[in-house]
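First up is the structure itself, then whatever we jot down about it.
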Amino acid sequence: MIFAANFKTNHTRATTKAYIEALNEKLFTKRVQDSVYIFPPSTALDHYKGNFTLGVQNAYMTRNGAYTGEIGLEQLEEFSIKTILVGHSERREILGEKQEFITEKFSYFKEHGFEIIYCIGEPLEIREQGDEAVIEYLLAQFEGIDTSYEKLIVAYEPIWAIGTGRSATTEEIENTHAALKKTIQKPLLYGGSVKPENIKEITNIRGVDGVLVGSASLDVESFSKMVLI
Ligand code: PEP
């Protein structure tokens with residue numbers, strides 16, 4: 001199983017350091033076959049040691065240059081970061097990233113050999129139209145994306161389940177993952193209100209290869225409890 005923690009705009013450099021120290025102690029008994037990823041805010045990237053992969057939540061497709069507010073390869077190389085989240089719904093919806101831009105970003109980081117967790121997800125109005133509409137919507141989010149890329153991990157995150165406390169049902173997750181796996185044969189994570197109370201149920205669903213966790217990953221006790229289920 002893959003357990004990925006997305007801190008979003010939470011935690012500082014100091015609290016991330018404390019989190020990772022605590023996590024390392026707890027992950028001592030982690031199963032060898034499980035992998036853990038931590039995505040702190042960019043200001044907290046550093047040379048951490050431990051049984052996890054440190055990734056970046058976002059970066060711009062450049063080595064360096066005049067891109068105010070962005071970071072590029074040069075800043076990531078400083079900390080040997082080779083893993084990135086691309087296509088998260090908050091970047092699509094709040095930051096206005098369109099599929100064409102996301103595709104360019106994906107291709108750039110693919111060319112530079114990054115492991116990419118590529119996020120897709122449907123809004124509630126699409127979910128309410130039923131399974132067929134959901135799959136059509138999700139597959140459209142692969143437009144321009146090389147789904148054969150060997151370092152690709154996909155995260156299915158229904159937008160209406162992110163940060164709302166309302167996870168998708170077991171049936172919705174199972175059906176959606178099964179349908180996606182017909183087209184994309186890559187590790188497939190589920191994300192959307194995953195928490196210690198539902199982690200067992202979600203990781204037991206056929207076709208779920210791991211989870212991407214936001215809110216419930218912010219507390220190290222809560223996140224490590226999920227990794228050690
Ligand atoms: C996310 O945004 O990737 C996410 C899954 O958030 P949450 O766990 O808070 O729903």
Side-chain angles (χ1 to χ4, degrees), residues 1-11 15-16 19 23 34-42 44 52-59 81 83-97 102 105-106 109 114-124 126-127 134 137-138 141-142 145 152-170 172-174 176-177 180 186-205 207-229:
M1 277 289 148
I2 293 169
F3 297 87
N6 175 13
F7 288 0
K8 310 187 184 183
T9 319
N10 299 292
H11 277 300
T15 65
T16 299
Y19 183 108
L23 186 71
D34 291 337
S35 340
V36 172
Y37 291 76
I38 306 289
F39 295 89
S42 302
F52 62 89
T53 300
L54 188 72
V56 69
Q57 294 174 23
N58 179 53
I81 308 290
T83 303
I84 186 167
L85 292 181
V86 175
H88 192 282
S89 63
E90 285 154 11
R91 296 210 62 87
R92 292 180 193 261
E93 305 285 309
I94 304 170
L95 283 307
E97 291 191 4
I102 292 168
K105 198 188 287 192
F106 183 97
F109 286 99
F114 276 62
E115 181 172 36
I116 300 175
I117 299 191
Y118 183 67
C119 306
I120 55 166
E122 82 286 358
L124 190 56
I126 299 292
R127 172 53 70 184
V134 169
Y137 188 93
L138 296 177
Q141 293 182 324
F142 286 103
I145 300 296
L152 166 64
I153 297 173
V154 176
Y156 166 55
E157 301 201 295
I159 298 172
W160 46 272
I162 293 182
T164 58
R166 173 188 166 188
S167 166
T169 64
T170 303
E172 284 166 338
I173 299 171
E174 185 164 353
T176 310
H177 278 225
L180 285 171
K186 291 292 166 186
L188 183 52
L189 315 183
Y190 168 76
S193 297
V194 178
K195 47 196 167 199
E197 295 78 11
N198 60 18
I199 186 75
K200 214 170 195 151
E201 187 186 335
I202 290 172
T203 51
N204 278 337
I205 299 171
V208 170
D209 303 306
V211 287
L212 178 53
V213 189
S215 324
S217 73
L218 298 181
D219 175 55
V220 68
E221 290 289 334
S222 158
F223 184 61
S224 51
K225 208 184 274 178
M226 289 188 268
V227 176
L228 301 175
I229 31 149

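First listed ligand is number 1; within each ligand, the first listed atom is number 1. When a residue number appears, it is its place in the shown sequence, counting from 1. Predicted model, so just to flag it, every value in this text is computed and none were measured.
Taking every non-hydrogen atom of S215 and a distance limit under 4.0 Å, the qualifying atoms of ligand 1 come out as 7 (P), 8 (O), 9 (O). With ligand atoms numbered from 1 in the order given, ligand 1 contributes 10 (O) to contacts under 4.0 Å with heavy atoms of A161. Less than 4.0 angstrom separates some heavy atom of G163 from each of these atoms of ligand 1: 7 (P), 9 (O), 10 (O). Atoms of ligand 1 lying under 4.0 Å from any heavy atom of H88, numbered from 1 in the order shown and given with element: 1 (C), 2 (O), 3 (O).
Of all the heavy atoms of N6, the ones lying under 4.0 Å from any atom of ligand 1 belong exclusively to the side chain. Proximity of K195 to ligand 1, defined as any heavy-atom pair under 4.0 Å, is not found for any part of the residue.
Every heavy atom of S167 sits 4.0 Å or more from the atoms of ligand 1. Using a 4.0 Å cutoff on heavy atoms, A216 does not count as a contact of ligand 1.
Proximity of Y156 to V208: side-chain heavy atoms (C-beta onward) are nowhere separated by under 4.5 Å. Put simply, the side chain of F7 reaches to within 4.5 Å of the side chain of I38, judged on heavy atoms. When side chains are defined from C-beta on, I205 does not count as touching H177, because their heavy atoms never get closer than 4.5 Å. Contact of the S217 side chain with the N6 side chain is not registered, since no non-hydrogen atoms from C-beta on lie closer than 4.5 Å.
Judged by distance alone, with hydrogens and angles left aside, the side-chain atoms of E122 form no donor-acceptor pair with the main-chain N or O of R127 at under 3.5 Å. For E201 (side chain) and N198 (main-chain N/O), no donor-acceptor pair under 3.5 Å exists by modelled atom type.
Residue G214 has at least one N or O atom closer than 3.5 Å to an N or O atom of ligand 1. For ligand 1, the polar-atom distance check against L212 finds no nitrogen or oxygen pair separated by under 3.5 Å. The shortest N or O to N or O distance between T164 and ligand 1 is not below 3.5 Å.
Counting only heavy atoms of the protein, atom 3 (O) of ligand 1 lies nearest to E157 OE2, 2.7 Å. Given atom 6 (O) of ligand 1, the protein heavy atom at minimum distance is K8 NZ, 3.3 Å.
Aromatic ring pairs are classed by plane angle as parallel below 30°, tilted from 30° to 60° and perpendicular above 60°; the pair H11 and Y19 is perpendicular.
The side-chain contact (heavy atoms from CB on, under 4.5 Å) with F223 is formed by just one residue from the set I199, L23, L218; it is L23.
Contacts of E93 classified as side chain to side chain donor-acceptor pair (under 3.5 Å), with partners at least two apart in sequence or in another chain: none.
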